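To start, the structure under review is shown below, and the notes come after it.
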Amino acid sequence: MRHYAQPHNRDNFDKGMEKTYNPQEIENRWYRQWEQNDYFRPSGRGGAYCIMIPPPNVTGTLHMGHAFQHTLMDALIRYHRMRGDNALWQPGTDHAGIATQMVVERQLEAQGTGRKQLGRAAFIDKVWAWKEQSGGTISRQMRRLGDSPDWNRERFTMDEGLSRAVTEVFVRLHDEGLIYRGQRLVNWDPVLLTAISDLEVNSVEEKGKLWHIRYPLSGTKGHLVVATTRPETMLGDTAVAVHPEDERYRKLIGQTVELPLTGRRIPVIDDDYVDPAFGSGCVKITPGHDFNDYAVGQRHKLPIINVFTPDAKINREAPPAYQGLDRFEARKRVIADLEAAGLLEKIEEHTLKVPRGERTNSVIEPYLTNQWYVRTKPLAEPAIRAVEDGRIRFVPENWSKTYFNWMHNIEDWCISRQIWWGHRIPAWYDKDGNVYVGHNETEVRQKHELKPDVALHQDEDVLDTWFSSALWPFSTLGWPDKKPELQTFYPSSVLVTGFDIIFFWVARMIMFGLKFMDDVPFRDVYITGLIRDEHGQKMSKSKGNILDPLDLMDGIDLEALVKKRTSGLMQPEMAKKIEQNTRKAFPQGMPGYGADALRFTLASLASTGRDIRFDIQRMEGYRNFCNKLWNASRYVLMNTEDQDTGLDPKDPLELSLADRWIVSQLQITERNIGQHLNEYRFDLAATELYEFTWNEYCDWYLEFSKPLLQSAQASAAAKRGTRRTLVRVLETLLRLAHPLIPYITEELWQHIAPLAGKQGATIMLQSYPESDPGKIDDKAAADIGWLKQFVTGVRRIRAEMNIAPAKLLPVIVQGGTAQESALLAQYSEYLSSLAKLESLTPLAADAATPESAIALAGEMKILIPLAGLIDKSAELKRLDRELQRFRHEQEQIGNQLQNKNFTDKAPPEVIGKKRERLHELERALGDLQRQAERIKSL
RNA sequence: GGGUGCUUAGCUCAGUUGGUAGAGCAUCGCCCUUACAAGGCGAGGGUCGCAGGUUCGACCCCUGCAGCACCCACCA
């Protein structure tokens with residue numbers, strides 16, 4: 001009789017299991033069920049467990065990094081949900097200001113229009129439209145992976161609520177003096193026409209030149225030589241600096257030089273900043289276009305001359321000959337003119353660090369503008385303490401060093417951006433340039449008693465995307481309102497993210513969380529490695545080595561893959577190479593291994609503190625693992641469905657040795673997996689699962705179950721016990737594995753659970769298995785260990801003597817302890833079945849035996865008569881190899897035990913173990929040696 | 001210039017108070033044995049980057065070196 005627990009309505013459910021594992025079919029089916037039944041919603045019971053998703057770009061697509069992090073987050077959430085925690089995985093997306101704006105601008109360009117032509121309001125409408133159109137992609141892909149966030153709570157950083165939080169934070173920080181507006185040099189992207197933060201600038205080592213230029217001394221003959229990598233900025237020089245102690249130039253300090261090409265006269269100043277040993281020891285000072293020079297300029301009260309327009313062309317401050325020239329054109333012209341004037345002393349090859357914008361890759365200019373800043377020092381101090389005193393823990397721990405290093409040297413954060421897509425800065429100006437900050441214009445007018453006739457206009461700039469991201473841990477929970485979920489889920493339990501955004505995001509969340517919630521935003525920060533390709537290269541479009549998680553799950557044919565990798569390249573000339581590599585690496589395309597295989601692979605590769613080389617071979621292995629689990633379930637089902645699995649407590653039940661052993665192993669596995677998951681060792685958890693499933697349950701337990709279930713002698717109670725164990729261990733195993741491989745475990749659980757007497761509509765909401773130490777049975781483990789040794793011994797002889805696997809063998813046994821003999825007698829049926837024996841004949845220790853091949857199980861000798869079966873010289877070779885191995889170990893241990901230092905100083909239990917092992921070896925050596933001599937003498 | 005990590009079987013990686021090494025994949029041999037050929041049963045393969053030190057004993061702890069990767073930093 002079947003008693004499925006509230007079966008979901010499915011075709012072919014009652015037809016038993018499909019013969020082959022087909023991940024795509026299962027996976028599509030189950031996700032819908034889960035989501036429709038709202039299984040992802042926090043239960044409202046139990047302790048709070050919360051993970052805030054690092055919000056992906058709303059218009060983005062899922063890449064391997066997401067797949068990796070999401071797998072870990074989802075595994076944690078599913079694990080805690082099953083453990084009975086009130087588990088919330090908060091989903092959502094980020095508006096990604098610059099990135100998204102750039103995408104839409106590019107689209108407009110392709111349509112022959114542009115941002116400027118449309119105007120601000122119309123452009124923003126376009127961006128929203130693009131968000132509506134493409135914004136669902138990433139969440140669809142998350143669903144494909146099996147992610148289980150509470151979709152009801154999905155948030156977007158530009159939602160009304162989150163925007164309110166942004167304004168609130170800005171106003172409060174401003175009122176406290178922690179946000180200010182200031183004019184200073186910023187990192188300016190002349191392509192995007194906006195300021196960016198230090199973090200968005202990457203310095204890249206590039207080959208350049210060092211130009212040595214003569215600056216004639218005023219009113220006398222002679223000149224100073226300055227060296228520069230950026231000659232065009234000389235148009236904005238306002239001094240030349242030398243080191244105060246530099247004897248060569250001491251007398252020139254306070255005098256002036258004639259700045260070439262400009263007709264200006266500039267002073268020679270002294271400053272410690274100058275390194276007398278570098279170049280000529282004289283430095284041109286351009287406060288308007290260099291961060292160091294700016295500082296020197298401040299110290300010496302030098303004027304600042306800005307010679308660039310926002311798009312880095314020469315402006316009207318420079319001599320007319322250069323006006324309007326692009327900076328690189330201007331460089332050529334300046335050099336040519338200096339050369340013509342005989343002022344170019346020499347040109348050297350020079351490698352230098354060029355600052356480039358993260359998004360545009362254009363050379364970033366230090367540029368003097370008005371921007372908004374967050375004063376970070378006061379916020380950083382408590383944020384440092386929170387990690388120092390352990391309220392926040394980095395996993396692996398060493399990342400806290402990186403964090404400290406940055407936090408101790410933190411600079412004020414430039415938060416204003418001259419773009420349109422983002423949170424508009426809540427500041428208003430009157431016609432005199434006075435600034436008023438408030439939640440809105442009405443409030444500003446009230447607060448500052450501004451009459452209606454005072455015209456105000458809002459700041460044109462928007463905030464850095466990371467400003468709203470920094471609020472994510474509480475803005476998503478309804479802050480500044482005091483919602484119950486804010487109370488419940490803040491602080492979250494763990495943040496899972498990459499090291500690349502520790503500064504951008506993690507540090508800022510900690511600062512803002514402590515500031516506004518008076519508590520840390522999360523307890524643990526689990527830092528993942530980067531996913532690289534199988535050669536250790538970063539995955540990138542331009543290298544053509546990107547693996548798309550969707551392709552790995554659902555498959556792609558070769559032509560489609562080649563097309564995908566070679567279209568839309570920035571450097572089309574790479575296409576040929578990429579095509580070649582792709583055809584070589586995936587001659588058959590990709591078969592589509594399913595979400596579970598991808599997740600299991602990512603989990604097993606998730607060693608802490610290490611980048612991951614994604615190896616598709618390994619993924620295939622883990623798909624095979626899923627297949628193994630599938631087939632094991634089929635076996636269990638075939639042997640238990642429509643049969644008595646011991647559900648009625650009145651029926652007598654008897655557990656065999658193998659039953660007790662596998663249950664014992666299961667307890668150990670449960671304990672280890674729980675530990676590993678608690679320690680974020682997903683790799684070890686996956687390995688544990690793999691080994692138990694394949695090497696214990698499938699390879700041995702299922703094989704042990706076969707002779708018992710088929711035995712004519714075994715009692716109904718014993719068979720019932722084995723069926724019950726088959727089903728119960730599998731059912732538990734499915735729950736254990738569910739956080740890593742949710743789909744296949746759900747599918748199988750639906751079949752298996754009723755047979756194990758489990759009720760429930762989904763495995764997702766079942767309890768997570770917990771180890772019961774009372775069921776750990778060392779005796780059973782030892783006995784099974786001996787039986788395995790016996791079986792393996794026979795198999796080894798069989799394999800090495802080239803005896804057909806199907807050929808039944810007669811076996812003689814001799815010697816052995818009383819315990820071994822008892823096991824032999826009791827479990828001869830197992831042994832015969834697993835080792836394929838024809839007969840099993842015990843002989844007295846001193847009885848004469850025929851010429852045989854020998855194997856040892858503990859102290860028992862297993863003899864397989866040679867007659868007709870066995871090749872004498874092959875057996876001798878085999879024995880010899882075995883003897884050598886034993887002798888080698890014997891010698892090692894012997895030496896050790898003869899070393900007085902060792903026997904005096906090593907702990908007694910170590911010495912005892914060695915002695916024991918030595919005796920074992922000596923006995924085994926004796927047995928094997930005698931056997932070898934017998935065979936030789938024939 | 002400062003900092004971090006890595007170096008273990010052909011490849012990708014584990015290795016938990018130091019007791020002289022493991023897995024998967026790949027390789028080789030035999031098997032389509034009624035859960036599974038996406039499989040079964042066996043086998044081979046490592047001076048744990050190099051050099052010292054501590055220790056009875058080092059893949060593990062200490063020092064130095066080399067190679068690789070990454071992060072931070074204002075040398076014109």
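A quick note: this is a predicted structure, and the numbers were derived from the prediction, not measured. Computed over heavy atoms, backbone and side chain alike; hydrogens, waters and symmetry mates excluded. So that the names make sense, note that chain A is the first sequence line, chain B the second, and so on, each numbered from 1.
B/G67 and B/G57: their C1' atoms are spaced 30 Å apart (whole Å). Distance check on atom P: B/G15 versus B/G49 gives 15 Å, rounded to whole Å.
Cation-pi contact between A/Lys706 and A/Tyr635: present, with separation from the ring centre below 6.0 Å and deviation from the ring axis of at most 45°. A cation-pi arrangement is present between A/Arg795 and A/Trp700, with the terminal nitrogen or guanidinium carbon under 6.0 Å from the aromatic centre and inside a 45° cone about the axis.
For the OP1/OP2 pair of B/C13 and a distance below 4.0 Å, the side-chain nitrogens and oxygens of A/Arg613 include at least one atom meeting the criterion. At B/A43, one or more side-chain N or O atoms of A/Arg796 fall inside 4.0 Å of OP1 or OP2 (strictly under the cut-off). Between A/Asn624 and B/G39 there is a side-chain N or O to OP1 or OP2 distance below 4.0 Å. For the OP1/OP2 pair of B/A69 and a distance below 4.0 Å, the side-chain nitrogens and oxygens of A/Lys538 include no atom meeting the criterion. Taking 4.0 angstrom as the limit, A/His350 places a side-chain polar atom (N or O) nearer than this to OP1 or OP2 of B/A76. The phosphate of B/C25 has neither OP1 nor OP2 within less than 4.0 Å of any side-chain N or O from A/Arg623. For A/Trp399, no side-chain nitrogen or oxygen approaches OP1 or OP2 of B/C70 to under 4.0 Å. A/Arg917 has no side-chain polar atom (N or O) that falls below the 4.0 Å cut-off from OP1 or OP2 of B/U20. Between A/Lys905 and B/G19 there is no side-chain N or O to OP1 or OP2 distance below 4.0 Å. The phosphate of B/G40 (OP1 or OP2) has a side-chain N or O of A/Lys628 nearer than 4.0 angstrom.
Within 4.0 Å (heavy atoms only), A/Thr687 reaches no atom of the nucleic acid at all. Counting any heavy atom pair closer than 4.0 Å across all strands shown, A/Cys282 reaches no nucleic acid atom. Among the heavy atoms of the strands lying under 4.0 Å from A/Asp275 is at least one base atom, whether or not backbone atoms are also near. Contacts of A/Tyr690 with the nucleic acid, taken as non-hydrogen atoms under 4.0 Å apart, involve only primed sugar atoms and P, OP1 or OP2.
For A/Leu352, whose side chain is taken as the heavy atoms from C-beta onward, the closest listed nucleotide among B/C25, B/G42, B/A76 is B/A76. Looking at the side chain of A/Gln892, the nearest of the listed nucleotides B/C56, B/U4, B/U20 is B/U20. The side chain of A/Ser607 lies closest to B/C13 when the candidates are B/C13, B/C72, B/G42. Comparing B/C56, B/C75, B/A14 by their closest approach to the side chain of A/Phe278 singles out B/C75.
Nucleotide B/U55: unpaired (no Watson-Crick or G-U wobble partner with both distances less than 3.5 Å). Under the Watson-Crick or G-U wobble criterion, with both distances below 3.5 Å, B/C41 is paired with B/G29. Pair assignment for B/G5: B/C68, on the basis of Watson-Crick or G-U wobble contacts that are both within less than 3.5 Å. With a cut-off of 3.5 Å on both pairing distances, the Watson-Crick or G-U wobble partner of B/C13 is B/G22. When Watson-Crick and G-U wobble pairs are counted only if both distances are under 3.5 Å, B/U47 pairs with no nucleotide at all. Look at B/C74: it lacks any Watson-Crick or wobble partner with both distances under 3.5 angstrom.
The NZ atom of A/Lys807 sits 20 Å away from the P atom of B/G42 (whole-angstrom rounding). The interatomic distance linking A/Asn405 (CG) with B/C72 (P) rounds to 10 Å, in whole Å. The separation between A/Glu205 atom CD and B/C75 atom P is 11 Å, rounded to whole Å. Atom CG of A/Asp615 is separated from atom P of B/G10 by 16 Å (rounded to the nearest Å). In this structure, A/Leu530 places its CG atom 11 Å from C1' of B/A69, rounding to the nearest Å.
Between A/Phe614 and A/Phe68, a ring centre-to-centre spacing not shorter than 6.0 Å is recorded. In this structure, A/Trp399 has its ring center no closer than 6.0 Å to that of A/Phe394.
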Hey, mind stepping through A/Arg917 and A/Glu889 against salt bridge (charged side-chain N to carboxylate O under 4.0 Å, His left out) and telling me if it holds?
CA-CA 9 Å; A/Arg917 179 69 185 147; A/Glu889 200 184 339; 2.8 Å; yes

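Across A/Asn631, A/Asp596, A/Ile26, a single residue satisfies side chain to side chain contact (heavy atoms under 4.5 Å, CB included) together with A/Cys626, and that is A/Asp596.
With RNA chain B read from its 5' end, the first of the two nearest nucleotides for A/Arg634 and A/Gly281 is the one closest to A/Arg634.
Side-chain to base pairing of A/Arg618 with B/U12: one donor and one acceptor N or O lie within less than 3.5 Å of each other.
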